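Counting starts at 1 for both ligands and their atoms, in listed order. What you see is a predicted model; the values in this text were computed from it and never measured.
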Amino acid sequence: MLVLAMELRHDMRGLKTRAATPLGLEAALEGHARAFSDRFGSGAPPRLFFSPGRVNLMGAHLDYNGGQVIPMAIDRGTFLALRPRSDGRVLLASTWSPEAFEWHGDALPGTALGQWVDYPLGVLLGFAQRTERLAGLELLFGGNLPIGAGLSSSASLTVGTAYALDLTYATGLTALDRVRLALEAERNFVGVQCGIMDPFAVGLAREGHLLMLDCKDETYEHLPLDPEQTVVGVADTGVRRELAQTEFNRRVGECRAAFDALRVHCPGATCLRDIPPEVLRRHEADLPADIVKRARHVLDEVARTGSARRALLAGDTQTFGAMMTAAHESLRDLYEVSVPELDHLVEIASGCPSVLGARLTGAGFGGCVVFLVRAGGERELADCIASAYPQRFGLLPDVAFFRGDRGPREIARR
Ligand code: GLA
């Protein structure tokens, strides 16, 4: 996601204060089919696919520390239009840039090009290797997810590509196979050492549910979120930090350093999540201050995420929301990945009676705040933001509300 964010610079303010997909997916995908004909010419109509983005509600920066995370797929994401070709050529293009890429299916580049196309290309290579079924095709990407906003545009794209290939070539992959193809593409081909949360959140989504994923053993469960009671809102600050990728990698390195220093006191620990908080307390004087702060965030967030899960299962959304806001404070003060725009949105939300909790989502360094809101309080939240945010930052972030999406799917043509 972060690399992609740096590659692509276009309008990020895609989120509006209204239903998530005002046109409806079918109509939006019809528009995408027209863009496909403009790009690749008329002929047989392409098959159309949708793949969601995600917000993370709990478990901030825990996936690469083996912790538990609670994301939710959203009904905004990547559009794919795919048409097979009989000459073995592979053509990839997108609606967000004028370039198109073309190779023979037997001669796909084996190393990344440093462009957005690396994401689907990595999936194509993995798919070809695994199934030996890849043939010629034309594939156009587009969508309605702001890129680089922390809503996982990259996993939306890679999982969506695996899904579209699987259906087109009838290879019968499981949802988990497609998640693995996406993950391997991003890690091994694009070269981003991302955690496992994003492709799992997209590929294993269930409508009206959050996903509780244990990133240590990859077990998961779906937690219901009743839309009659609570809705999830997202506001995009529009802020994108140049250093986001470097800082993200630095945090991954700091957590690794904390684990390496503390594991000697905890035989059997395989990741930072396994370190008992009292071991950190006992040894913190031996560690650099920054490393202590990062580790403390991780271990506190592990405990908060467990509490949030229990609260949700007991129908206590108030406690779940309180855990989200506490997570934000820790991301601001201990993990140091927030920016003033995100902090201000969370502060505004704290004074808004309908909001149960708020925190930055994704890696941080800009991007979006996610809110847990009492159903019916959507307008109140939008008004709270409109009356306080522009005074300080001079613009009004749009707010969108989502229900848990059901994951990648083919969209039937009318
Ligand atoms: C980014 C990464 C995720 C996760 C989050 C932080 O979004 O892509 O894997 O690490 O940051 O929770």
Side-chain angles (χ1 to χ4, degrees), residues 1-7 52-74 77 119 122 145-159 179-180 182-187 190-204 210-216 218 220 234 236-237 239-241 243-256 271-273 294 297-302 304-305 308 323-324 326-328 330-332 334-339 342 359-370:
M1 174 273 297
L2 294 162
V3 167
L4 191 61
M6 282 177 221
E7 294 296 333
R54 68 98 189 90
V55 287
N56 189 26
L57 282 87
M58 283 305 299
H61 289 271
L62 290 195
D63 57 349
Y64 55 85
N65 287 303
Q68 295 179 317
V69 294
I70 313 184
M72 182 186 95
I74 58 175
Y119 289 83
L145 198 60
I147 290 169
L151 301 178
S152 202
S153 49
S154 61
S156 172
L157 191 152
T158 50
V159 176
V179 166
R180 296 222 183 288
L183 196 56
E184 282 159 22
E186 193 152 351
R187 282 187 177 163
V190 183
V192 179
Q193 285 319 303
C194 56
I196 70 169
M197 173 173 69
D198 300 346
F200 273 81
V202 172
L204 298 174
L210 310 179
L211 181 78
M212 170 98 195
L213 170 68
D214 188 313
C215 300
K216 186 173 157 190
E218 299 188 3
Y220 58 88
V234 173
D236 187 359
T237 60
V239 176
R240 307 289 185 267
R241 284 287 145 87
L243 282 174
Q245 179 76 67
T246 319
E247 285 298 322
F248 181 83
N249 291 342
R250 199 196 307 277
R251 295 299 178 279
V252 175
E254 288 167 340
C255 289
R256 164 58 49 193
C271 52
L272 189 51
R273 172 249 183 115
R294 310 306 182 234
H297 163 79
V298 168
L299 300 185
D300 291 353
E301 183 74 354
V302 166
R304 274 191 294 267
T305 304
M323 293 298 132
M324 288 172 64
H328 184 81
S330 177
L331 288 164
R332 182 191 63 204
L334 296 177
Y335 220 62
E336 298 180 285
V337 293
S338 192
V339 296
L342 292 167
R359 48 154 284 198
L360 69 83
T361 190
F365 316 105
C368 293
V369 167
V370 55

Numbering the atoms of ligand 1 from 1, which are under 4.0 Å from a heavy atom of Ala363?
1 (C), 7 (O), 11 (O)
Does a side-chain N-to-carboxylate-O contact under 4.0 Å join Glu336 and Arg250?
no
Here the atoms of ligand 1 under 4.0 Å from any heavy atom belonging to Ala60 are 12 (O)
Going by the 4.0 angstrom heavy-atom rule, the piece of Asp198 near ligand 1 is side chain
Got a donor-acceptor contact below 3.5 angstrom from the His297 side chain to the Ala327 backbone?
no
Nitrogen or oxygen of His61 less than 3.5 angstrom from that of ligand 1
yes
In plain terms, say whether Arg180 and Glu184 are close enough for a salt bridge, that is, a side-chain N and a carboxylate O under 4.0 Å apart.
no
Under 4.0 Å between a Lys/Arg side-chain N and an Asp/Glu carboxylate O for Arg273 and Asp214?
yes
Does Cys194 have a heavy atom less than 4.0 Å from any atom of ligand 1?
no
Once salt bridge (charged side-chain N to carboxylate O under 4.0 Å, His left out) is applied, do any residues pair with Arg187, and if so which ones, sequence neighbours excluded?
none
Per-atom contacts of ligand 1 with Asp63, taking only distances under 4.0 Å to non-hydrogen atoms:
3 (C), 4 (C), 9 (O), 10 (O)
How long is the gap from CG on Leu213 to CE on Met197, to the nearest 0.5 Å?
9.0 Å
Please could you name the atoms of ligand 1 that Arg54 approaches to less than 4.0 Å, counting only its heavy atoms?
7 (O)
If the cut-off is 4.0 Å to any non-hydrogen atom of Tyr64, which atoms of ligand 1 fall inside it?
10 (O)
